[in-house]
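First up is the structure itself, then whatever we jot down about it.
The first residue in the sequence is number 1, and the count goes up from there. No experiment lies behind these values; they were computed from the predicted model shown.
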Amino acid sequence: MYDIIIVGGGITGASLALSLAQQSTLSIAILESQSQLSEWSSSHYHHRVSAISLASKRFFQSLHIWDDIEKKRVSPYTQIKVWDGGEGPEIHFDSAEIAEPALGYIIENQLIQTVLNEKIKSYAHIDIITGAKLTDYQNYSDRVILKTAEHGDFSASLVIAADGANSWLRQQAGLHLTQDDYEENAIVATVRTSLPHEKIARQIFLPTGPIAFLPLQDPFLSSIVWTLPAQQAANKLTLDTTNFQTELTDAFAKKLGDVTEVSERFIFPLKRHRANQYVKSRLALIGDAAHLVHPLAGQGLNMGLADVKTLSEIIMSAIKNRREFGSLATLRRYERWCKGEHFALFHAIDLIKKIYAEEKQAIKTARTVGLKVMNSCDWMKKMVMKYAVGKI
């Protein structure tokens, strides 16, 4: 019998376990379906990266892992440039305008995961059970029981679903989604360009979807996210390296000169969803299990870490005030926060996606005017930046 079971040992699940362990003596189990925990290597860049906001950096500092992350490899970006296709207007954000040394950090997901796994080893009251394939979920008034084929039964006062967008636990609990399939795929890879990125994150919006170049520690290396309709993305993967580099160079309007090298390419389907309920008695959803957004704003992991921080605070507050931390009344405080905090961002990202995909002349004209107005309005840009980095 554990106090808390976290299903899924990814970044959000591991962060929650670490946050709770550092503040309490709660017994915690992480049930991870993978049989082995993969390790980060400095010899290459892992293809999955995240744009970590200043708010998420502060959270990592509170977990005492930021220094370890920074020692391995982080890539700060000091500016963001976004423009609307071809010769469309550009909007420019600069960290100096909000008196910050950076707007955020591009970090490999595997690096963050490795640091979390290492830190967790310091806490005897966290057990990581790998190769845990769940077969049954039973929710009782005083506990939840999870059954596995390989490791037997587990029970806890509270179970957290951190098992990703296709959450098995969410489905078993009957928590339904509002969802849309964008019918798009994202191609991700690491590329080398002939011009340096100058620590600037760049994104171009095209009728086929956005292309982002995210600056890495090497001044000539970037992580790319190229969004395309599903079939077009599949076609790009069939191109040889030379032709792919040429097409990417042209699509990005040579903003960083020629793409001269490209790593192995990976493809991911793009969808969005939001759980209609984030909680029920003795169960809560966090991260992608609760909400999934388009990668164009780079906010997916930051939203998940905000879930972790809030749920951890609510659990600790319940313990301090001698309330049942797994009760529906306690967990609804977390749900109200999530729905309030994420609602606007969830819909704003989707609105941006739809506006930039629209080819009607009236919308294109309004889009152009809007970008020009925002770029010339200092207070508006500062407000957007402060919200994006977590200062408001």
### Query
Can you name the residues that form a side-chain hydrogen bond (donor to acceptor under 3.5 Å, both in side chains) with Arg73, not counting sequence neighbours?
Glu108
### Task
Identify, with sequence neighbours excluded, every residue that meets side-chain hydrogen bond (donor to acceptor under 3.5 Å, both in side chains) alongside Tyr77.
none
### Query
Looking at the rings of Trp83 and Phe252, which for Trp means the six-membered one, are their centres under 6.0 Å apart?
yes
### Partner residues of Glu39 under the salt bridge (charged side-chain N to carboxylate O under 4.0 Å, His left out) criterion, sequence neighbours left out
none
### Query
If you look only at pairs with a residue in residues 111-124, which of them pass as a side-chain hydrogen bond (donor to acceptor under 3.5 Å, both in side chains), with sequence neighbours excluded?
Gln22-Tyr123, Gln113-Asn117, Glu118-Lys121
### Query
Does Lys254 come within less than 4.0 Å of Asp250, counting only side-chain N to carboxylate O?
no
### Message
Restricting to salt bridge (charged side-chain N to carboxylate O under 4.0 Å, His left out), what partner residues turn up for Lys271, sequence neighbours left out?
### Response
none
### Query
More than 12 non-hydrogen atoms from neighbouring residues, nucleotides or ligands closer than 6.0 Å to CG on Asn276, yes or no?
yes
### Message
Holding to salt bridge (charged side-chain N to carboxylate O under 4.0 Å, His left out), I want the full list of residues that pass it with Glu324, two or more places apart in sequence or in another chain.
### Response
Arg282
### Summary
Taken in chain and number order and not counting sequence neighbours, the residues that satisfy salt bridge (charged side-chain N to carboxylate O under 4.0 Å, His left out) with Arg265 are none
### Task
State whether the number of non-hydrogen atoms from other residues, nucleotides or ligands found under 6.0 Å of Lys81 atom NZ is greater than 12.
yes
### Query
For Gln172, what residues pass the side-chain contact (heavy atoms from CB on, under 4.5 Å) criterion, not counting sequence neighbours?
Tyr137, Trp168
### Query
What residue pairs, at least two apart or across chains, pass ring-ring contact (aromatic ring centres under 6.0 Å, His included) with a residue in residues 5-32?
none
### Task
Among Ile, Leu, Val, Met, Phe, Trp and Tyr joined by side-chain contacts under 4.5 Å, find the other residues sharing a cluster with Ile145 and list them by chain and number.
Tyr140
### Task
Name all pairs fulfilling the ring-ring contact (aromatic ring centres under 6.0 Å, His included) condition that reach into residues 316-337, sequence neighbours left out, sorted by first residue then second.
Trp337-His342
Donor-acceptor pairs are to be reported for all side-chain atoms of residues 207-223 against protein atoms at under 3.5 Å, with residues two or more places apart or in another chain.
from, atom 1, to, atom 2, distance (Å)
Gln217, NE2, Val74, O, 3.3
Asp218, OD1, Phe220, N, 2.8

